Colleague: 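Quick one: structure below, then a few questions.
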Amino acid sequence: MNGLAGTGRLARLALRRERAIAPWWFLLLVCLALVMVAYVNRNMGTPELKAAYTQVISRNAFFQGLGGGTVEPDLGVLSRWRSGGFLYVLNGLAALMCVVRHTRAEEDTGRAELLRAGGVGRHAALAAALLVAGGTSLVGGALTALALVANGLEPVGSAAYGAAITAAGWVFAGVAAVAAQLAGNAHTARVIGLSVLGASYLLRYAGDASGQLWMKYLSPIGWSHLVEAYRDDRWWVLAAPISVAVALAALAHGLVGRRDLGAGLLPARPGPAGAPHLRGPVSLSWRLHRGLLAKWVAGIAVFAAAAGGLSTLGHQILNTPGASAARLVEGFGGRAGAPVDSMLWPLILIFGHLVALYPVLMVRRLRVEETSGRAEVVQATPTTRVRWAFGHLVVTSLGTAALLTVTGLVFGGSFAVLVGAPSDVPRILAGTLGTLPAAWLVGAVCVFAYGLLPRAAVAISWAVWVASAVLGRIGGPLYGLWGGTPLEPFHHVPNTVGGAAFTATPALVMLALSTLLVGGGLLALRRRDFG
């Protein structure tokens, strides 16, 4: 049988499944690109302001690393600098997840074996996944370019920008294709792909921040930045990501024939012969999720240390001509008259929202354990489903508190060394831990959704977290759109770092609401069908 037999049918099947996923990625790419254009127009509306901000960016290594090099006082260049670092990663992430979803994940569920019994070739699933991921990456880049042209930006530069976004997706579709052959399951394939994506971003960031551009040339994300849309429009740079994407796709197809269906090329690591420490639901949850928590601790510590250095930019930013920086600080609830201290609270809020993602992911894992059948095996023991879920929630709540503690200590220590004094560490730690009830409340809403509407719980959880960030005191103040809404929990956290008086009422109310929501979710879980 031809190894590619059935590729067209599998591609149509994958497209049918992607119709509920891909449009959201397209919307995210286009909206983020347009928001950045609106931000530049609003806060850098004159040539003088554009020139002033260009000087600030060009003199600061952190900003050069954040956006990908230096800029010019031009709307297109500034907009691409603001959004490119996000859009390249987002399109690469979308393509990566798409390929794993239609290859390795299909083998894990057994659906790939059923399809292979119906006249489908060995290479068809991988080819279909690459076609769909490549096509959606192309559509995402094209829609972004068209939206920017419709918004008044230069067509050739917009086309180059869209091509750079597409190229990032193609490269990481190839990375995911190879990872799917190496890994023994979808989770490991995603970890491999995300690790490559993260390393690529860090390599590119380090190259731009340090001026060692050889690191940028080695990074797949750096290749998209090197296109320099709206300035140089280096189309020839796209030969590198396209060539690498083709080579990775060819390598993945070569590896397909070297492994059994459902197995990976990397040898599976045998587990321990016994588990004397598994004495209940809490210890089981800790054993299952300690690796994820360790990765979160490492990542949050790195970003917290970097944030301590970012706080030194307070004077430079607030001395920039125009009132946009002062409005930004005041929108976050800070004090524009205290340049260095005013940068602390926005960063603490950002970390609070970021850590609130951890309980969202943990609730998602509850659903995965349920649908995979592993939770049912646990419940064949005297452990009830409520005790099983409660064990996960204990680890989740303590893990969230641990992450915020690490954030406060590392951020406060970095700030104390670079800017302040040792006495700053306790107040920054206290301010960071002040966001804990809000993060718990976000997780409690997710638990309630999981117990009551399990099929929609993952989508609801993501929507709750995104809404808290976008409608709260992150997206609005950052882009000058609004100052937050009382409907999201972080709005009620007092800015004790900025001098606001501490009051326990908001925290107690959020804790009470969290208790009610978790209790309602566990009660609904007990009453509904499991699985």
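The model shown is predicted, which means the values in this text are computed figures rather than measured ones. Heads up: numbering here begins at 1 and tracks the sequence.
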Colleague: Within a radius of less than 6.0 Å around CH2 of Trp235, do more than 12 heavy atoms belonging to other residues, nucleotides or ligands occur?
Modeller: yes
Colleague: For Gln212 and Met215, indicate whether the former's side chain and the latter's backbone hold a donor-acceptor pair under 3.5 Å.
Modeller: no
Colleague: Please report the interatomic distance OG1(Thr396) to CG(Leu293), rounded to the nearest 0.5 Å.
Modeller: 9.5 Å
Colleague: Which class fits the ring pair Trp465 and Trp462: parallel under 30°, tilted 30 to 60°, perpendicular over 60°?
Modeller: perpendicular
Colleague: Carefully, step by step, assess His492 and Thr503 under the rule side chain to side chain contact (heavy atoms under 4.5 Å, CB included).
Modeller: CA-CA 10 Å; His492 303 282; Thr503 173; over 6 Å; no
Colleague: How would you list, by chain and number, every residue that makes a side-chain contact (heavy atoms from CB on, under 4.5 Å) with Met97, sequence neighbours excluded?
Modeller: Leu93, Arg101, Arg190
Colleague: What's the verdict on side chain to side chain contact (heavy atoms under 4.5 Å, CB included) for Arg427 and Thr496, showing C-alpha distance, side-chain angles and the deciding distance?
Modeller: CA-CA 8 Å; Arg427 70 185 182 100; Thr496 56; over 6 Å; no
Colleague: Answer yes when Asp74 and Lys50 have at least one side-chain N-carboxylate O distance shorter than 4.0 Å, and no when they do not.
Modeller: no
Colleague: So which heavy atom on Phe490 is nearest to which on Glu488, and how close?
Modeller: N-OE1, 3.0 Å
Colleague: Could you go through residues 434-445 and list every donor-acceptor pair under 3.5 Å that involves a side-chain atom there, pairing it with any protein atom two or more places apart or in another chain?
Modeller:
{"unit_1": "Thr435", "atom_1": "OG1", "unit_2": "Thr432", "atom_2": "O", "d": "2.6"}
{"unit_1": "Trp440", "atom_1": "NE1", "unit_2": "Ser397", "atom_2": "O", "d": "3.2"}

Colleague: If you round to the nearest 0.5 Å, how far is NZ of Lys216 from CG of Asp208?
Modeller: 3.5 Å
Colleague: Anything under 30° is parallel, anything over 60° is perpendicular, the rest tilted; go ahead and classify Phe351 against Phe411.
Modeller: tilted
Colleague: Say you draw a straight line from CD1 of Ile192 to CZ of Arg104; how long is it, rounded to the nearest 0.5 Å?
Modeller: 10.5 Å
Colleague: Testing the basics here: between Arg204 and Ser219, what is the closest heavy-atom pair and its distance to 0.1 Å?
Modeller: CB-OG, 3.6 Å
Colleague: Does Arg80 reach the main-chain N or O of Ala229 with its side chain, forming a donor-acceptor pair under 3.5 Å?
Modeller: yes
Colleague: Hey, does the side chain of His353 reach the backbone of Ser468 with a donor-acceptor pair shorter than 3.5 angstrom?
Modeller: yes
Colleague: Kindly give the heavy-atom pair with the smallest separation between His102 and Ala129, and that separation in Å.
Modeller: CB-CB, 3.9 Å
Colleague: Within the structure provided, determine whether Leu78 and Pro73 are in side-chain contact (heavy-atom separation under 4.5 Å).
Modeller: no
Colleague: Restricting to non-hydrogen atoms, name the atom on Ala301 and the atom on Val406 that form the minimum distance, rounded to 0.1 Å.
Modeller: CB-CG1, 4.2 Å
Colleague: Would you name the heavy atoms of Phe415 and Asp424 that are closest together and state the gap between them?
Modeller: CE2-OD2, 3.6 Å
Colleague: The test is side chain to side chain contact (heavy atoms under 4.5 Å, CB included); show your working for Ile300 and Val410 and say whether it passes.
Modeller: CA-CA 9 Å; Ile300 210 78; Val410 176; over 6 Å; no
Colleague: So do Leu29 and Leu90 actually touch side chain to side chain, heavy atoms under 4.5 Å?
Modeller: yes
Colleague: One pair to check against side chain to side chain contact (heavy atoms under 4.5 Å, CB included): Trp223 and Val244. What are the steps and the verdict?
Modeller: CA-CA 11 Å; Trp223 299 334; Val244 169; 3.6 Å; yes
Colleague: Report all side-chain donor-acceptor pairs from residues 148-176 shorter than 3.5 Å, counting only partners two or more places apart or in another chain.
Modeller:
{"unit_1": "Glu154", "atom_1": "OE1", "unit_2": "Gly157", "atom_2": "N", "d": "2.6"}
{"unit_1": "Glu154", "atom_1": "OE2", "unit_2": "Val156", "atom_2": "N", "d": "3.0"}
{"unit_1": "Ser158", "atom_1": "OG", "unit_2": "Glu154", "atom_2": "O", "d": "2.9"}
{"unit_1": "Ser158", "atom_1": "OG", "unit_2": "Tyr230", "atom_2": "OH", "d": "2.8"}
{"unit_1": "Tyr161", "atom_1": "OH", "unit_2": "Ser83", "atom_2": "OG", "d": "2.6"}
{"unit_1": "Tyr161", "atom_1": "OH", "unit_2": "Gly84", "atom_2": "N", "d": "3.1"}
{"unit_1": "Thr166", "atom_1": "OG1", "unit_2": "Ser137", "atom_2": "O", "d": "3.3"}
{"unit_1": "Thr166", "atom_1": "OG1", "unit_2": "Gly162", "atom_2": "O", "d": "3.0"}
{"unit_1": "Trp170", "atom_1": "NE1", "unit_2": "Gly134", "atom_2": "O", "d": "3.0"}

Colleague: To the closest 0.5 Å, what do you measure between OH (Tyr201) and CD1 (Ile221)?
Modeller: 9.5 Å
Colleague: Taking the side chain as everything from C-beta on, heavy atoms only, tell me whether Leu96 gets closer than 4.5 Å to Val196.
Modeller: no
Colleague: Do Met510 and Thr505 have side-chain heavy atoms sitting under 4.5 Å apart?
Modeller: no
Colleague: For Phe303, is the CZ atom crowded, meaning more than 12 foreign heavy atoms sit under 6.0 Å from it?
Modeller: no
Colleague: Within this structure, what is the CZ-CG distance for the pair Phe26 and Asn91, rounded to the nearest 0.5 Å?
Modeller: 8.5 Å
Colleague: Is there a side-chain contact between Val132 and Glu18 in this structure, where contact means two heavy atoms from C-beta onward sitting under 4.5 Å apart?
Modeller: yes
Colleague: Check the surroundings of atom CZ in Arg364: do more than 12 heavy atoms from other residues, nucleotides or ligands lie under 6.0 Å from it?
Modeller: no
